[in-house]
Colleague: 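I am attaching a structure below and will ask some questions about it afterwards.
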Amino acid sequence: MRLSHALIPTLKQTPAEAQIASHRLMLRAGLVRQTAAGIYAWLPAGWRVLQNISRIVREEQDRAGAQEMLMPTLQTADLWRESGRYDAYGPEMLRIRDRHERDLLYGPTNEEMITDLARSAIQSYRELPQILYHIQWKFRDEVRPRFGVMRGREFLMKDAYSFDVDYEGALVSYRRMMLAYLRTFQRLGLRAIPMLADTGPIGGDLSHEFIVLAPTGESQVFYDSDFETFDFEKSEFRYDDPSDLERLHALINGYYAATSEKHDEARWEQVPAARRREGRGIEVGQIFYFGRKYSDPMKFGVAGPNGTMITPEMGSYGIGVSRLVGAIIEASHDEAGIIWPDSVAPFRAAILNLRVGEATCDHLAETLYAKFAGAALLDDRDERAGAKFADADLMGHPWQIIVGPKSAAAGRVELKRRGTGERFDLSLDDALARLL
RNA sequence: CGGGGCGUAGCUCAGCCUGGUAGAGCACCUGCUUUGGGAGCAGGGGGCCGGAGGUUCGAAUCCUCUCGCCCCGACCA
C-alpha cells in the first residue's frame with residue numbers, strides 16, 4: 001500500500017475522548033474511527049490487523065478440530081424464548097421489530113442458534129463430537145461503552161460451540177479449546193494466563209478466562225510467575241490424545257492464577273513468595289462447559305447406541321477478536337506509538353523514502369516495495385524525514401526500511417527494528433533476505 | 001442506571017461570565033526556500049458555533065427543551 005494514497009489518517013494530537021493508551025493510539029494511528037458510542041469503523045490499516053488476528057484464531061481453531069461456519073447477526077426472539085434467555089438477558093440485548101411486527105434481536109452470542117441448528121442436523125450419537133465456530137459481529141448494548149474497542153457495544157468475536165455425547169467427551173472438547181487458546185494467544189505475541197472463572201449468565205460449572213497482563217486492565221489478578229515461562233506453541237501436547245489434554249488441564253490448574261473475584265488468600269499463601277505476581281489484566285477470552293443448559297430446554301436429543309435418546313453435553317468458547325486489538329496495544333506500546341508483534345502488524349515493514357523525487361531513492365524504494373508484494377507500506381508522501389519517522393513509529397510497523405539519499409547512492413538502506421530500536425546498515429539484497 | 005462534564009474549522013482549544021462583523025495553533029491548498037526525527041516565509045480555502053423553541057433591535061454568548069459524546073461509580077467477550 002502506498003501511504004500517499006491510503007486512507008490511514010494519522011493524528012498528531014490525541015482526540016479528546018480517548019483516555020487509555022490503546023484507544024489513543026488506535027485513533028492516532030488511523031486504525032479506527034468512532035461512528036457512535038461504542039461502535040467503530042475499521043479503516044484499512046485497522047482492518048488488516050483485525051484480519052491478521054482472525055487468521056491466527058482461525059488456524060488454531062482448525063488445528064484443534066473445530067469447523068468454521070457463519071451464523072447470522074440477527075436472530076429470532078422465539079429461539080431465545082425457548083431457552084428462557086429472552087427475558088433473562090435484559091437491556092443489554094438489542095431488540096428489533098421487523099415490518100411484520102416480529103421480534104428479532106441482534107445476537108449478543110449464539111448458543112440458542114447453534115443448538116437449534118445442531119438439533120435439526122444431528123440425529124445420532126455417531127455424529128458427535130462436533131465443535132463449530134464462527135467469527136462474527138456481536139452487539140451488546142453496554143450501559144457504558146468505553147476504552148475504545150476494548151469495551152465497545154459492537155465487537156467481533158470468535159465463538160465456538162462443542163457437542164459431545166457425555167461429560168467425558170465434553171471435557172476433552174473443553175481441553176482442546178484450552179490448548180487452542182493458549183497457542184493462539186501466544187502466537188498473537190501475548191502472555192495470556194488462564195484463570196478459573198465464574199460462569200456468569202451462560203451458566204455451567206467449568207470455566208476459565210484468559211487474561212492478558214496490562215497495567216490498564218479492568219481486573220485485578222494474582223498469578224504464579226511460572227505462567228510466564230510456559231511455551232504452548234512448541235509444547236508436546238497433542239489434540240488427539242485425551243491423556244495429553246488431561247495433563248495440560250492438570251498443569252494449568254496446578255498453578256495459582258485468579259482474578260480478584262475468585263482470589264483465595266489461603267491458596268495464594270502457598271505459592272512461594274518469589275513467584276507471586278499481582279497486577280491488572282484484560283479478559284480476552286473465556287471458555288465454558290455448561291452441560292445441558294441449552295440442549296435440555298431446547299430438546300436437542302440424539303439417538304444413543306442402545307436406541308434411547310441422549311441429550312448432548314455442550315460448551316462454548318469465546319475470543320474477543322476486536323478487543324484483542326486493544327489488548328495487544330495495551331501490552332505493547334511506548335511513548336512514540338504502537339509496537340506490533342510481527343504476527344498481527346498491518347504491514348510487515350514500512351519503506352520510508354526520505355527523498356521522494358530523487359531518482360536513486362525513488363528507484364530503491366520502488367524496487368523494495370515491489371518485492372514485498374503488498375506486505376509493506378511505502379511512505380511515498382512528500383513529507384519531511386521527521387514526519388515519516390514519527391508516523392512509522394506511531395503506526396508501529398515491526399520494521400522500518402529507511403531509504404535516504406546518503407546510503408541510497410551506495411545501494412544501501414537502513415533497517416530499524418521498532419521494538420528494540422536496533423538499526424542495521426545493509427545492502428538492498430541483505431535487507432530483503434532479512435525480512436522476506 | 002446514579003453522579004459529573006463537554007458539544008465552536010479535519011484535530012486540540014479560546015471566545016460565553018458582562019449579547020454587537022466567528023478566532024488561534026496544527027492539518028489542508030498554491031508558490032518559493034528547505035530536506036535523516038513532526039521545517040520557514042508568503043498567500044489561500046474551510047463554520048447554520050449539535051438541534052429546536054424563546055427573550056432581544058441584535059444570540060456562539062441569556063432562558064427552556066432536546067439530541068449526541070466523554071469521564072467516575074455499579075455491571076460485562
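Naming convention: chains lettered A, B, ... in sequence-line order (proteins, then strands); numbering from 1 in each chain.
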Colleague: Determine the contact category for Arg423(A): base if any of its heavy atoms lies under 4.0 Å from a base atom, sugar-phosphate if only primed atoms, P, OP1 or OP2 are that close, otherwise nothing.
Modeller: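 The residue Arg423(A) makes base contact.
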
Colleague: Check whether any side-chain nitrogen or oxygen of Lys158(A) sits under 4.0 Å from OP1 or OP2 of A77(B), and answer yes or no.
Modeller: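 So the side chain of Lys158(A) is outside the cut-off, no N or O lying under 4.0 Å from OP1 or OP2 of A77(B).
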
Colleague: Check this one for me: any side-chain N or O of Arg384(A) less than 4.0 Å away from OP1 or OP2 of A39(B)?
Modeller: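 It does, given that an N or O in the side chain of Arg384(A) lies less than 4.0 Å from OP1 or OP2 of A39(B).
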
Colleague: Using a heavy-atom cut-off of 4.0 Å across all strands, would you classify Gly404(A) as base, sugar-phosphate, or nothing?
Modeller: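 Counting heavy atoms under 4.0 Å across all strands, the contact made by Gly404(A) includes a base.
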
Colleague: Have a look at Ser407(A) and say if it touches a base, only the backbone sugar-phosphate, or nothing, with a 4.0 Å heavy-atom cut-off.
Modeller: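 Base, at least one base atom sits under 4.0 Å.
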
Colleague: Classify Ala387(A) by what it touches in the nucleic acid, base, sugar-phosphate, or nothing, heavy-atom distance under 4.0 Å.
Modeller: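 Base contact.
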
Colleague: Is any side-chain N or O of Arg151(A) under 3.5 Å from a base N or O of C76(B), one able to act as donor and the other as acceptor?
Modeller: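 When only heavy-atom distances are counted, Arg151(A) does reach the base of C76(B) through a donor-acceptor pair under 3.5 Å.
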
Colleague: Tell me what Gly90(A) touches on the nucleic acid: a base, only sugar-phosphate, or nothing, going by heavy atoms under 4.0 Å.
Modeller: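 Contact class for Gly90(A): none.
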
Colleague: To the nearest Å, how far apart are Arg146(A) CZ and G3(B) P?
Modeller: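 It works out to 17 Å between those atoms.
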
Colleague: Determine whether a donor-acceptor pair (N or O, by modelled atom type, separation under 3.5 Å) exists between the side chain of Arg102(A) and the backbone of Thr76(A).
Modeller: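 No: the side chain of Arg102(A) does not pair with the backbone of Thr76(A).
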
Colleague: What interatomic distance, in whole Å, is found between P of U8(B) and the corresponding atom of G15(B)?
Modeller: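 Straight-line distance between the two P atoms is 14 Å.
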
Colleague: Which one, G36(B), G38(B), C76(B), comes nearest to the side chain of Arg355(A)?
Modeller: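 Nearest listed nucleotide: G36(B).
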
Colleague: Give the nucleotide from the list G36(B), G37(B), C70(B) with an atom nearest to the side chain of Ala37(A).
Modeller: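 For the Ala37(A) side chain, the nearest candidate turns out to be C70(B).
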
Colleague: Would you say Gln286(A) places a side-chain N or O within less than 4.0 Å of OP1 or OP2 belonging to A77(B)?
Modeller: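 Answer yes for this pair, as a side-chain N or O of Gln286(A) is under 4.0 Å from OP1 or OP2.
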
Colleague: Expressed in angstrom and rounded to an integer, what is the separation of Glu218(A) atom CD from C71(B) atom P?
Modeller: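 Checked: the CD to P distance equals 11 Å.
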
Colleague: In whole Å, measure the gap between the P atoms of G7(B) and C16(B) for me.
Modeller: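 Between the two P atoms, the distance is 13 Å.
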
Colleague: In this structure, how many angstroms lie between the C1' atom of A74(B) and the CD atom of Glu261(A), rounded?
Modeller: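 Rounded to the whole Å, the gap is 13 Å.
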
Colleague: Can you tell me how far P in U64(B) sits from the matching atom in C17(B), rounded to whole Å?
Modeller: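 It works out to 15 Å between them.
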
Colleague: How many whole angstroms separate atom CD of Gln19(A) from atom C1' of C6(B)?
Modeller: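 Spelled out: CD on Gln19(A) to C1' on C6(B) is 12 Å.
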
Colleague: Report the distance from atom CD of Glu142(A) to atom P of C75(B), rounded to the nearest whole Å.
Modeller: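 Answer to the nearest Å: 13 Å.
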
Colleague: Without swapping roles, check the side chain of Arg277(A) against the backbone of Phe222(A) for a donor-acceptor pair under 3.5 Å.
Modeller: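 Here the side-chain-to-backbone pair does not exist.
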
Colleague: For Glu209(A), which contact category applies under a 4.0 Å heavy-atom criterion: base, sugar-phosphate, or nothing?
Modeller: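 No contact at all - Glu209(A) keeps every heavy atom at 4.0 Å or more from the nucleic acid.
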
Colleague: Between G36(B), C26(B), U12(B), which nucleotide has the shortest distance from any of its atoms to the side chain of Lys12(A)?
Modeller: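 So the nucleotide nearest the side chain must be C26(B).
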
Colleague: If we take the C1' atom in both C49(B) and C62(B), what is their distance in whole Å?
Modeller: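 Pairwise C1' distance, C49(B) against C62(B), rounds to 15 Å.
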
Colleague: Please determine, by modelled atom types, if Glu283(A) and Ser219(A) share a side-chain donor-acceptor pair under 3.5 angstrom.
Modeller: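 No, no side-chain donor-acceptor pair sits under 3.5 Å.
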
Colleague: Side chain of Arg191(A), backbone of Ala331(A): donor and acceptor closer than 3.5 Å?
Modeller: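 Side chain of Arg191(A) to backbone of Ala331(A), a donor-acceptor pair under 3.5 Å: no, none is there.
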
Colleague: Judged by modelled atom types alone, do Gln67(A) and Gln130(A) share a side-chain donor-acceptor pair under 3.5 Å?
Modeller: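 Note: Gln67(A) and Gln130(A) side chains meet the donor-acceptor criterion.
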
Colleague: Suppose you measure atom P in G47(B) against the same atom in C63(B); what distance do you get, rounded to whole Å?
Modeller: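 The same atom, P, in both gives a distance of 29 Å.
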
Colleague: Which value, in whole Å, describes the distance between the P atoms of nucleotides G53(B) and U61(B)?
Modeller: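 Rounded to whole Å, the distance is 14 Å.
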
Colleague: For a quick check of understanding: with a heavy-atom distance under 4.0 Å over all strands, which category does Leu352(A) fall into, base, sugar-phosphate or nothing?
Modeller: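 Contact class for Leu352(A): none.
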
Colleague: Would the Tyr167(A) and Tyr289(A) ring centres measure less than 6.0 Å apart?
Modeller: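 Yes, close enough.
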
Colleague: What is the base-pairing partner of A60(B), counting Watson-Crick and G-U wobble geometry with both distances under 3.5 Å?
Modeller: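 Looking at the geometry, A60(B) pairs with no nucleotide.
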
Colleague: What is the distance, to the nearest angstrom, from the CG atom on Asp382(A) to the P atom on A27(B)?
Modeller: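 Rounded to the whole Å, the gap is 14 Å.
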
Colleague: Regarding Pro405(A), tell me which of base, sugar-phosphate or nothing describes its non-hydrogen contacts under 4.0 Å with the strands shown.
Modeller: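 Answer is base: heavy atoms of Pro405(A) come under 4.0 Å of a base.
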
Colleague: Ignoring the backbone of Val143(A), work out which of C76(B), C1(B), G36(B) is nearest its side chain.
Modeller: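 For Val143(A), the side-chain atoms sit closest to C1(B).
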
Colleague: Using purine N1 to pyrimidine N3 plus N6-O4 or O6-N4 for Watson-Crick, or N1-O2 and O6-N3 for G-U wobble, each under 3.5 Å, what pairs with A39(B)?
Modeller: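 Across any shown strand, A39(B) pairs with U33(B).
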
Colleague: Heavy atoms under 4.0 Å, any strand shown: does Asp391(A) hit a base, just sugar-phosphate, or nothing?
Modeller: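 Here Asp391(A) touches the bases of the nucleic acid.
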
Colleague: I'd like the C1' distance from C28(B) over to G38(B), given in whole Å.
Modeller: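 Between the two C1' atoms, the distance is 16 Å.
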
Colleague: When rounded to the nearest Å, what value does the distance between C1' atoms of G51(B) and A59(B) take?
Modeller: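 It comes out at 15 Å once rounded to the nearest Å.
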
Colleague: Would you say Tyr133(A) and Asp62(A) are linked by a side-chain donor-acceptor pair, where the criterion is simply a distance under 3.5 Å?
Modeller: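 A pair is found: one side chain offers a donor N or O, the other an acceptor, under 3.5 Å apart.
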
Colleague: Glu414(A) near the nucleic acid: base, sugar-phosphate alone, or nothing, with a heavy-atom cut-off under 4.0 Å?
Modeller: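 Base: the residue Glu414(A), judged by heavy atoms under 4.0 Å, touches a nucleobase.
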
Colleague: Report the nucleotide, chosen from A77(B), G73(B), C76(B), that has the shortest atom-to-atom distance to any side-chain atom of Phe155(A).
Modeller: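 Shortest atom-to-atom distance from the side chain points to A77(B).
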
Colleague: What is the nucleic acid contact for Gln13(A), judged by heavy atoms within less than 4.0 Å: base, sugar-phosphate only, or nothing?
Modeller: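 Contact class for Gln13(A): base.
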
Colleague: Toward the 5' end of RNA chain B, which comes first, Pro145(A) or Ser322(A), by nearest nucleotide?
Modeller: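 Result: Pro145(A).
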
Colleague: Looking for any heavy atom pair under 4.0 Å, which part of the strands does Ala16(A) touch: base, sugar-phosphate only, or nothing?
Modeller: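 Ala16(A): backbone/sugar contact only, no base atoms under 4.0 Å.
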
Colleague: Send over the distance from Leu354(A) CG to A39(B) P, rounded to a whole Å.
Modeller: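 Spelled out: CG on Leu354(A) to P on A39(B) is 13 Å.
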
Colleague: Ignoring hydrogens and geometry, is there a side-chain-to-backbone donor-acceptor pair from Asp159(A) to Gly318(A) under 3.5 Å?
Modeller: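 Not a single qualifying donor-acceptor pair exists.
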
Colleague: Both distances below 3.5 Å, Watson-Crick or wobble geometry, any strand: find the nucleotide opposite G47(B).
Modeller: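 In the structure as shown, G47(B) has no Watson-Crick or wobble partner.
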
Colleague: How long is the line joining CD of Glu383(A) and C1' of C28(B), in whole Å?
Modeller: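 My rounded result for the distance is 11 Å.
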
Colleague: Is any side-chain N or O of Arg144(A) closer than 4.0 Å to OP1 or OP2 of C72(B)?
Modeller: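 The answer is yes; a side-chain N or O of Arg144(A) sits under 4.0 Å from OP1 or OP2.
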
Colleague: Across the strands shown, which category fits Arg28(A) at heavy-atom distances under 4.0 angstrom: base, sugar-phosphate, nothing?
Modeller: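 Base contact.
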
Colleague: Heavy atoms from C-beta onward define the side chain here; which of A77(B), C76(B), U12(B) lies closest to that of Pro15(A)?
Modeller: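 So the nucleotide nearest the side chain must be U12(B).
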
Colleague: Verify, without hydrogens or angle tests, whether Lys158(A) (side chain) and Arg58(A) (backbone) share a donor-acceptor contact under 3.5 angstrom.
Modeller: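 It does not hold such a pair.
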
